[in-house]
Amino acid sequence: MTVPERPHTPQQAYLFADPAAHSLSPQMHRAAFAYAGIDGTYTARRVLAAELPEAVAGLRQSGVLGANLSLPHKQTVLPLLDELTPAAQAIGAVNTVVQKSGRLSGDNTDAPGFLAALADADAPKGGLSVVLGAGGAARAAVYALRQVGHEVLIVNRTHARAQALATQLGGRAAWPETVPWSAVTLLINASSAGLDAPDDSPLPVFPQLDTRALVYDMVYRPAETRLLRDARAAGLRAENGLGMLAHQARLAFAAWSGTDVPVSVFLEALNPAGAAGDAGP
Ligand SMILES: NC(=O)c1ccc[n+]([C@@H]2O[C@H](COP(=O)([O-])OP(=O)(O)OC[C@H]3O[C@@H](n4cnc5c(N)ncnc54)[C@H](OP(=O)(O)O)[C@@H]3O)[C@@H](O)[C@H]2O)c1
């Protein structure tokens, strides 16, 4: 790993979100700055929707590396930026802004972060995947899976949103009743069902999947969702969203600093003691 020269003034990175106080990003990026030997700060700021233009304009200064965007800003930030990566353009959402010479570029590291987490989990390559949800996380998942050649079915509580997503990014909208479950090798929960609700599942009746299937829940709070419990009870491999969270942060940090810090640094910063404790400045 190349360790850049220690700069004289701290490099700054931010999270703009509402709410922001619960975020686990500060502890991950602070660990990455320390590992890389970069004198940097990462500040989670609660930014209301009306405050976003001013907050984004404030990124156009030397010393600022960029920012992460979370709900509700991932889509509304697009017109405030100078350029978008192809992934951000296609997904229609930005989670990482990179500042260079006063210009702001929008990227989406959720999609490659998701693929990296799947690779770590030794997910089946190709085959039939089901994505649950049709919001921003589902858009990143469908885009990523289509990029690597998966056939994708999209199931969402509001079916019309699944249809709209399929029209824009590919795949097909489906209802739980019409999915050929025994052929499914990858089941992704990209909906909010189960978030802070350990007894809720996006699939209250767990289907019978291919025995080689991996169930990946993007939700990571709680660490063991009902969907993951049901999958393990059915004898399947199951992973929560912490790996994706760590990889999207790793990729954002690399885009800002040019330093690819190992994902283990980000994962260690998310250990249970850390996750339950300090969540922001
Ligand atoms: N691990 C990671 O790094 C990572 C990254 C991004 C997101 N996430 C997680 O992914 C989840 C979705 O995030 P998002 O940004 O896509 O949110 P979003 O844009 O608000 O979309 C939420 C989606 O969840 C569906 N939904 C909400 N409550 C539901 C319920 N009780 N039953 C079934 N479906 C429900 C919504 O369906 P309708 O269309 O019917 O409203 C919608 O499709 C969140 O839990 C988030 O924390 C994780």
Side-chain angles (χ1 to χ4, degrees), residues 15 17-20 22-25 27-29 49 68-77 87-88 91-96 107-118 120-121 123 130-144 153-166 168-169 171 173-176 187-206 215-228 230 238-253 263 266-267 269-270 275 279:
L15 169 70
D18 179 24
H22 68 286
S23 174
L24 302 176
S25 292
Q27 60 210 56
M28 287 194 290
H29 288 287
N68 285 136
L69 282 308
S70 192
L71 288 175
H73 304 312
K74 285 187 178 184
Q75 284 155 13
T76 49
V77 76
I91 297 165
V94 163
N95 76 330
T96 301
D107 196 359
N108 187 306
T109 67
D110 281 335
F114 167 64
L115 287 182
L118 287 187
D120 285 353
V130 171
V131 173
L132 306 173
R139 293 181 67 85
V142 171
Y143 172 83
L153 296 179
I154 306 160
V155 174
N156 189 47
R157 181 175 65 178
T158 307
H159 187 72
R161 290 190 76 199
Q163 285 176 312
L165 200 169
Q168 287 167 16
L169 292 180
W175 286 268
L187 172 61
I188 309 296
N189 180 33
S191 83
S192 309
L195 176 64
D196 288 329
D199 296 324
D200 288 356
S201 169
L203 290 174
V205 178
F206 190 80
V215 177
Y216 193 89
D217 197 337
M218 287 193 188
V219 172
Y220 48 82
R221 204 179 60 226
E224 175 112 322
T225 59
R226 181 176 155 199
L227 184 74
L228 296 183
D230 289 350
E239 292 282 339
N240 69 25
L242 282 175
M244 175 179 172
L245 184 71
H247 275 293
Q248 63 77 27
R250 175 182 66 82
L251 292 164
F253 191 87
V263 73
F266 296 86
L267 284 168
L270 292 170

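Everything numeric here is computed off the predicted structure, so don't read it as measured data. Atoms within each ligand, like the ligands themselves, are counted from 1 in listed order.
- In this model, a donor atom of one side chain and an acceptor atom of the other lie less than 3.5 Å apart for D217 and T225.
- The contact shell of ligand 1, taken as protein residues with any non-hydrogen atom closer than 4.0 angstrom, comprises G133, A134, G135, G136, A137, N156, R157, T158, R161, A190, S191, S192, A193, L195, M218, V219, Y220, G241, M244, L245.
- With sequence neighbours left out, D200 forms a salt bridge (Lys or Arg N to Asp or Glu O under 4.0 Å) with no residue at all.
- Partners of R139 under the salt bridge (Lys or Arg N to Asp or Glu O under 4.0 Å) rule, at least two apart in sequence or in another chain, do not exist in this structure.
- N156 meets the side chain to side chain donor-acceptor pair (under 3.5 Å) test with no other residue; sequence neighbours excluded.
- Between W175 and H159, the angle of the ring planes stays under 30°, which puts this pair in the parallel group of the 30/60° scheme.
- Checked by atom type and distance alone, the side chain of R250 never pairs as donor or acceptor with a backbone atom of G113 at under 3.5 Å.
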